[in-house]
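Have a look at the structure below before the remarks.
Letters go in sequence order (proteins before strands), and every chain restarts at 1. Note: hydrogens, waters and symmetry copies are ignored here, and every other heavy atom, side chains too, is used. Remember, predicted model here, so these are calculated numbers, not experimental data.
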Amino acid sequence: MTTEKRTSVKDVKNDHYFQKVFDVTCMIPPGRVSTYGAIADFLALGSARMVGWALNNCHSADSQIPAHRVVNRKGELSGRRHFSTPTIMEEKLKNEGVEIQDNVVVHMQELFWHPREMKEY
DNA sequence: GACCTGACGCCCC
DNA sequence: AGGGGCGCCAGGT
């Protein structure tokens with residue numbers, strides 16, 4: 001068999017994909033951060049960009065989605081511009097005890113949380 | 001309807 | 001080891 005093909009987003013309803021991303025994002029423990037790639041990898045759907053695309057619609061979902069806990073692989077707060085203010089993301093993370101320096105999560109490797117760590121699904 | 005960009009990340013040079 | 005290119009999928013121009 002060839003390499004297992006990652007399921008395309010087209011194979012599922014986009015709304016379902018949205019829900020999945022939101023769900024996983026909401027499971028990120030306070031004080032921890034996750035990455036777009038980790039979520040995409042866990043869902044085995046689309047790509048990291050899709051996660052960002054989905055989170056871009058989180059403003060539609062009134063629910064309190066801790067999108068500020070999702071950063072890129074480098075730990076950079078790449079999505080800060082999409083919040084109410086460019087500093088909200090940093091402020092929220094700092095409020096949770098996450099140290100931020102120059103828009104980058106300090107000790108990213110330590111604080112990184114992979115959905116795989118979820119004991120119960 | 002084609003092209004480019006985007007809250008990314010891996011592979012290749 | 002650092003930088004650049006390509007893939008990913010959807011939306012906007």
Side-chain angles (χ1 to χ4, degrees):
Chain A
M1 183 197 295
T2 58
T3 52
E4 52 181 311
K5 189 180 296 182
R6 168 177 286 187
T7 307
S8 175
V9 178
K10 294 176 183 175
D11 293 346
V12 296
K13 299 297 292 181
N14 287 351
D15 294 339
H16 182 228
Y17 179 72
F18 277 42
Q19 186 57 43
K20 278 295 226 179
V21 174
F22 295 156
D23 194 34
V24 173
T25 303
C26 289
M27 292 185 219
I28 303 174
R32 302 268 185 176
V33 294
S34 190
T35 65
Y36 305 96
I39 296 173
D41 182 54
F42 176 73
L43 296 178
L45 282 174
S47 61
R49 288 197 167 197
M50 292 277 82
V51 176
W53 166 70
L55 269 101
N56 195 10
N57 289 264
C58 79
H59 64 80
S60 301
D62 241 357
S63 305
Q64 303 169 354
I65 301 176
H68 59 279
R69 294 177 194 151
V70 183
V71 298
N72 65 10
R73 179 62 177 94
K74 295 174 287 188
E76 185 181 11
L77 280 59
S78 51
R80 60 191 160 131
R81 303 179 186 178
H82 291 265
F83 285 81
S84 311
T85 70
T87 56
I88 275 291
M89 191 174 184
E90 179 176 345
E91 292 298 326
K92 284 187 176 180
L93 286 172
K94 281 185 175 178
N95 192 25
E96 294 179 356
V98 178
E99 189 177 354
I100 307 295
Q101 194 169 40
D102 195 29
N103 293 320
V104 178
V105 175
V106 183
H107 307 313
M108 167 65 182
Q109 197 169 4
E110 298 281 339
L111 299 177
F112 172 65
W113 179 85
H114 196 286
R116 207 68 174 178
E117 297 181 22
M118 265 188 299
K119 297 302 170 18
E120 67 283 343
Y121 301 146

Next on the checklist: By the side chain to side chain donor-acceptor pair (under 3.5 Å) test, which pairs, at least two apart or in different chains, include something from residues 91-100 of chain A?
Outcome noted: A:His68-A:Glu96, A:Arg69-A:Glu96, A:Glu90-A:Lys94
Checklist entry - Which whole number of Å gives the distance between the P atom of B:dC4 and that of C:dG5? => result 15 Å
Checklist entry - Mind checking the P distance from C:dG7 to B:dC3? Whole angstroms is fine. => result 15 Å
Next on the checklist: Can you measure A:Phe42 atom CZ to B:dC8 atom P for me and round it to whole angstrom units?
Outcome noted: 21 Å
Item to check | Sidechain-backbone polar pair: A:Thr25 side chain, A:Pro66 backbone, donor-acceptor under 3.5 Å | outcome: no
Next on the checklist: Let me confirm one number: the CG-CZ distance from A:Asn103 to A:Arg80, rounded to the nearest 0.5 Å.
Outcome noted: 3.5 Å
Checklist entry - Closest approach of A:Ser47 and A:Tyr17, non-hydrogen atoms and distance? => result O-OH, 4.0 Å
Checklist entry - In whole angstroms, how far is the C1' atom of B:dC4 from the CZ atom of A:Arg49? => result 11 Å
Checklist entry - Can you tell which of C:dG11, B:dG9, C:dC9 lies closest to the side chain of A:Met50? => result C:dC9
Checklist entry - What pair of heavy atoms forms the shortest contact from A:Arg116 to A:Phe42, and how long is it? => result N-CD1, 4.1 Å
Item to check | For atom CG of A:Leu55 and atom C1' of B:dG6, their distance in whole Å | outcome: 14 Å
Item to check | Pairwise distance OG1(A:Thr87) to CZ(A:Arg81) - rounded to 0.5 angstrom | outcome: 13.5 Å
Next on the checklist: Give the residues of residues 105-113 of chain A touching DNA chain B, defined as any heavy atom closer than 4.0 Å, sorted by residue number.
Outcome noted: none
Checklist entry - To the nearest angstrom, how far is A:Tyr36 atom OH from B:dC10 atom C1'? => result 17 Å
Checklist entry - Can you tell me how far C1' in B:dA7 sits from the matching atom in C:dG3, rounded to whole Å? => result 22 Å
Item to check | Shared hydrophobic cluster for A:Val105 and A:Phe112 (ILVMFWY, side-chain gaps under 4.5 Å) | outcome: yes
Next on the checklist: So if I take residues 69-90 of chain A and measure heavy-atom distances to DNA chain B, which residues fall below 4.0 Å?
Outcome noted: A:Asn72, A:Arg73, A:Ser78, A:Gly79, A:His82, A:Phe83
Checklist entry - Given atom CH2 of A:Trp53 and atom C1' of C:dG7, what is their separation to the nearest angstrom? => result 17 Å
Next on the checklist: Under 4.0 Å, counting only non-hydrogen atoms across every strand here, what does A:Ala67 touch: a base, just sugar-phosphate, or nothing?
Outcome noted: base
Checklist entry - So, A:Asn72 side chain and A:Lys74 main chain: donor-acceptor pair closer than 3.5 Å or not? => result yes
Next on the checklist: In this structure, would A:Leu43 and A:Met27 fall into the same cluster of hydrophobic residues linked by side-chain contacts under 4.5 Å?
Outcome noted: yes
